[in-house]
Participant: 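Before anything else, here's the structure in question.
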Amino acid sequence: MASAPLILASASAVRARLLRDAGLTFKTADSRVDEEALKRGFAQSNDQSDNEGARDTEADTDALALKLAEAKALAVSATSPGAFVIGADQILSCAGKRYDKPRSMEEARSNLLAFRGRPHILHSGLVLVRDGTAIWRHTVRAILTMRDFSDRFLDAYLAAAGETVMKSVGCYQLEGPGVQLIEKIEGDYFTVLGLPLLPLLGELRRHGVVAA
């Protein structure tokens, strides 16, 4: 009997490439969820519970990444009965502040200056949904430390990379010149790329989606 269809609820070319390179057969679907609305709702919910005491902001960011990933997978699952749907999201935090993908080259430069010489955290949320129910959830972090690069290097990097810096929350791709920004990586390479592949493959094997 053929296994159930597998769908990646993401328009990310990097995530799709990771699955293809791993030998998986799947389709992609853009969930088109309103991420900004979800983030605002999450922030409001947290604000209302601030009087409960000190909050673990990194744990909150893990929870937000997971919430976004699940919303994407659920949206696609609603029109894909029987399919296993992968939802994934990644959020960057640095010194307790969350960062989104930059909307301009000027914002990218400002963000990289904020990251320079400091560690930042990539929070990845991963969810597997079938028939409108989340059957597996996973969060994991990677910590990257940017080196104390010069203003001259930064200007040259931005000029060479161009608008590709706006395609990732950290303003870099480790597969390219962006690796020159990094001094140290703590965590899984696939997590850095936005898809914690090894635990995902384990769960897919458990459900018979890929061979055990």
Participant: Please report the closest heavy-atom contact between P102 and S168, naming both atoms and the distance.
Facilitator: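 Looks like CD-O, 3.6 Å.
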
Participant: What I'd like to find out is whether the side chain of F26 reaches to under 4.5 Å of the side chain of I86, using heavy atoms alone.
Facilitator: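 The answer is no; the side chains never approach within 4.5 Å.
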
Participant: Quick check for you: to the nearest 0.5 Å, what is the distance between L113 atom CG and D151 atom CG?
Facilitator: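 With rounding to 0.5 Å, CG (L113) is 6.5 Å from CG (D151).
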
Participant: How close do C171 and L181 get, counting heavy atoms only, and between which atoms?
Facilitator: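 Nearest heavy atoms, C171 then L181: O-CD1, 4.4 Å.
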
Participant: Identify the two heavy atoms, one from P196 and one from V140, that lie closest to each other, and give their separation to 0.1 Å.
Facilitator: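 Between these two residues, the closest heavy atoms are CG-CG1, 3.5 Å.
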
Participant: Same cluster or not: V169 versus I143, using hydrophobic residues (I, L, V, M, F, W, Y) connected whenever any side-chain heavy atoms lie under 4.5 Å apart?
Facilitator: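 No, it is not one cluster - the side chains of V169 and I143 are not joined through contacts under 4.5 Å.
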
Participant: Could you measure the distance from the CG atom of L128 to the OG1 atom of T133? Nearest 0.5 Å is fine.
Facilitator: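 Between L128 CG and T133 OG1, I get 11.5 Å after rounding to 0.5 Å.
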
Participant: Would you please test L197 and D188 for side chain to side chain contact (heavy atoms under 4.5 Å, CB included) and show each step?
Facilitator: CA-CA 9 Å; L197 191 56; D188 180 77; 5.9 Å; no

Participant: Let me see the working for L158 and V165 under side chain to side chain contact (heavy atoms under 4.5 Å, CB included), right down to the final yes or no.
Facilitator: CA-CA 8 Å; L158 290 172; V165 299; 4.1 Å; yes

Participant: Which atoms form the tightest heavy-atom contact between D131 and G82, and what is the distance?
Facilitator: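 It is OD1-N, 2.6 Å.
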
Participant: Starting from M146, can I reach L122 by hopping between I/L/V/M/F/W/Y residues whose side chains sit under 4.5 Å apart?
Facilitator: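 Per the 4.5 Å side-chain linkage, L122 and M146 are co-clustered.
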
Participant: Yes or no on side chain to side chain contact (heavy atoms under 4.5 Å, CB included) for V76 and K27, after CA distance, side-chain angles and deciding distance?
Facilitator: CA-CA 11 Å; V76 172; K27 295 180 180 180; over 6 Å; no

Participant: Heavy-atom distance under 4.5 Å between the side chains of L6 and T25, does that happen here?
Facilitator: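 Side-chain contact under 4.5 Å: no.
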
Participant: Could you tell me whether K101 and E35 have a side-chain N and a carboxylate O separated by less than 4.0 Å?
Facilitator: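 No.
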
Participant: When clusters are formed by joining ILVMFWY residues with side-chain heavy atoms under 4.5 Å apart, either directly or through shared neighbours, do F84 and L19 land in the same one?
Facilitator: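 Hydrophobic grouping puts F84 with L19.
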
Participant: Inspect the surroundings of CZ in R147 and state if more than 12 heavy atoms from other residues, nucleotides or ligands are less than 6.0 Å away.
Facilitator: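 Yes, the 6.0 Å shell around CZ holds more than 12 heavy atoms from other groups.
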
Participant: In this structure, are over 12 heavy atoms from other groups packed under 6.0 Å from R32 atom CZ?
Facilitator: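 Not more than 12 within 6.0 Å, no.
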
Participant: Does the side chain of K167 come within less than 4.5 Å of V14's, by heavy atoms?
Facilitator: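 SC-SC contact between V14 and K167 ruled out.
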
Participant: May I ask whether L144 and Y157 are part of the same hydrophobic cluster, defined by side-chain heavy atoms of I, L, V, M, F, W, Y residues being less than 4.5 angstrom apart, directly or through others?
Facilitator: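 Same cluster.
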
Participant: Where do A69 and G125 come nearest, in terms of heavy atoms and distance?
Facilitator: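 It is CB-O, 3.5 Å.
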
Participant: Which heavy atom of G170 sits nearest to which heavy atom of L92, and what is that distance?
Facilitator: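 What the structure gives for the nearest pair is CA-CD1, 3.7 Å.
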
Participant: Do the charged groups of E203 and R206 touch, with an N to O distance under 4.0 Å?
Facilitator: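 Yes, E203 and R206 are salt-bridged.
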
Participant: Does D30 use its side chain to pair, donor to acceptor, with the backbone of S10 at less than 3.5 Å?
Facilitator: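 No: the side chain of D30 does not pair with the backbone of S10.
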
Participant: Counting distance only, does the side-chain N/O of R15 pair as donor-acceptor with the main-chain N or O of G194 below 3.5 Å?
Facilitator: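 Yes.
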
Participant: Flag the pair L174 / I185 as yes when at least one side-chain heavy-atom distance between them is below 4.5 Å, and no otherwise.
Facilitator: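 Side chain of L174 against side chain of I185, heavy atoms only: contact under 4.5 Å found.
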
Participant: Could you go step by step and tell me if R109 and D155 meet the salt bridge (Lys or Arg N to Asp or Glu O under 4.0 Å) rule?
Facilitator: CA-CA 8 Å; R109 190 178 199 281; D155 291 339; 2.8 Å; yes

Participant: Does the pair V127 and D89 meet the rule for a side chain to side chain contact (heavy atoms under 4.5 Å, CB included), with working shown?
Facilitator: CA-CA 9 Å; V127 178; D89 202 86; over 6 Å; no

Participant: Quick one: pull up CG in L18 and OH in Y189 and give me the separation to the nearest 0.5 Å.
Facilitator: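 Between L18 CG and Y189 OH, I get 7.5 Å after rounding to 0.5 Å.
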
Participant: Give a yes or no on whether V129 and V210 share a hydrophobic cluster (residues Ile, Leu, Val, Met, Phe, Trp, Tyr; joining criterion: side-chain heavy atoms under 4.5 Å apart).
Facilitator: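 The answer is no; the residues belong to distinct hydrophobic clusters.
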
Participant: With a 3.5 Å distance limit and no angle check, can you tell me whether Q90 reaches the backbone of V192 through a side-chain donor-acceptor pair?
Facilitator: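 Looks like yes, one N/O pair under 3.5 Å.
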
Participant: For F115, check ring-ring contact (aromatic ring centres under 6.0 Å, His included) against everything at least two apart and list the hits.
Facilitator: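 Checked F115 against ring-ring contact (aromatic ring centres under 6.0 Å, His included); matches are Y99, H120.
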
Participant: In terms of the angle between their ring planes, are H138 and W136 parallel, tilted or perpendicular, with boundaries placed at 30° and 60°?
Facilitator: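 Plane angle under 30°, so parallel.
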
Participant: How long is the straight-line distance from CD1 of I121 back to SG of C94, given to the nearest 0.5 Å?
Facilitator: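 So the SG of C94 and the CD1 of I121 are separated by 8.5 Å.
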
Participant: With rounding to the nearest 0.5 Å, note down the distance linking CD1 in I7 to CZ in R130.
Facilitator: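 Here the rounded value is 11.0 Å.
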
Participant: How many angstroms lie between atom CZ of R17 and atom CZ of R20, to the nearest 0.5 angstrom?
Facilitator: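 Separation between the atoms: 8.0 Å.
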
Participant: Can you tell which of R98, R141, H123 makes a side chain to side chain donor-acceptor pair (under 3.5 Å) with T61?
Facilitator: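 Considering R98, R141, H123, a side chain to side chain donor-acceptor pair (under 3.5 Å) with T61 is found only for R98.
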
Participant: Any donor-acceptor pair under 3.5 Å linking the side chain of Q173 with the backbone of T164?
Facilitator: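 Looks like yes, one N/O pair under 3.5 Å.
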
Participant: So do the side chains of L126 and R137 get within less than 4.5 Å of each other, counting heavy atoms only?
Facilitator: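 Contact flag for L126/R137 side chains = no.
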
